[in-house]
J.: 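First the structure, which I've put down as structure tokens, then a few questions once you've had a look.
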Amino acid sequence: MIEGQCLCGSVSYIYHAELEKTILCYCQHCQRAQGTMCGWNSPVDKNKFEIVRGIKYLKEYFHSPNKARVFCQECGSPIYSYRVDLPDIVRLRLGTVTQGHIPAPVEQAFIQYRPVFMKVEG
Ligand SMILES: [Zn+2]
Ligand SMILES: [Zn+2]
């Protein structure tokens with residue numbers, strides 16, 4: 001089981017399963033949206049993902065029509081994203097995890113935007 005929350009604590013969630021894989025995404029949308037060099041995400045089953053507190057604080061931003069980036073509008077923490085054409089999958093933002101095991105990343109996307117000082121295996 002995985003638990004997590006946004007920075008201010010208005011939003012918290014439970015994932016009623018384990019994380020199977022994690023991904024580093026260096027695309028420029030993730031860089032802008034997260035304010036950092038990459039997104040660290042895990043695709044999870046939406047049917048096992050539960051917002052336990054603060055659903056009213058969640059805001060969806062569509063930078064492209066098919067993809068929503070969902071964040072806490074109190075503190076700005078990115079919580080997850082989802083694709084409109086893949087409604088059963090949520091891409092959890094792993095910096096918000098407070099409890100549970102996070103596996104090491106098995107995939108890196110858009111490494112052409114990865115800063116040269118980052119040396120990561122794989
Ligand atoms: Zn918050
Ligand atoms: Zn990305």
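All ligand and atom numbering here is 1-based and tracks the order in the structure.
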J.: So, is Cys25 placed with an N/O/S atom under 2.8 Å from the Zn ion (ligand 2), counting both backbone and side chain?
T.: yes
J.: With a cut-off of 2.8 Å, does Cys27 place any N/O/S atom under that distance from the Zn ion (ligand 2)?
T.: yes
J.: How many degrees, to 10°, between Cys72 SG and Cys6 SG as seen from the Zn ion (ligand 1)?
T.: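 My answer is 110°, to the nearest 10°.
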J.: Verify side chain to side chain donor-acceptor pair (under 3.5 Å) between His101 and Glu18, making sure each step is shown before the conclusion.
T.: CA-CA 8 Å; His101 174 66; Glu18 297 301 321; over 6 Å; no
J.: Indicate whether any N or O donor in one side chain lies under 3.5 Å from an N or O acceptor in the other, for Ser42 and Tyr15.
T.: no
J.: Identify the heavy atoms of Ala17 and Lys48 that sit nearest to each other, and give their distance.
T.: CB-CD, 3.9 Å
J.: Considering non-hydrogen atoms only, spot the tightest contact between Gln73 and Lys56 and give its length.
T.: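 Taking Gln73 first and Lys56 second, the nearest heavy atoms are NE2-O, 3.4 Å.
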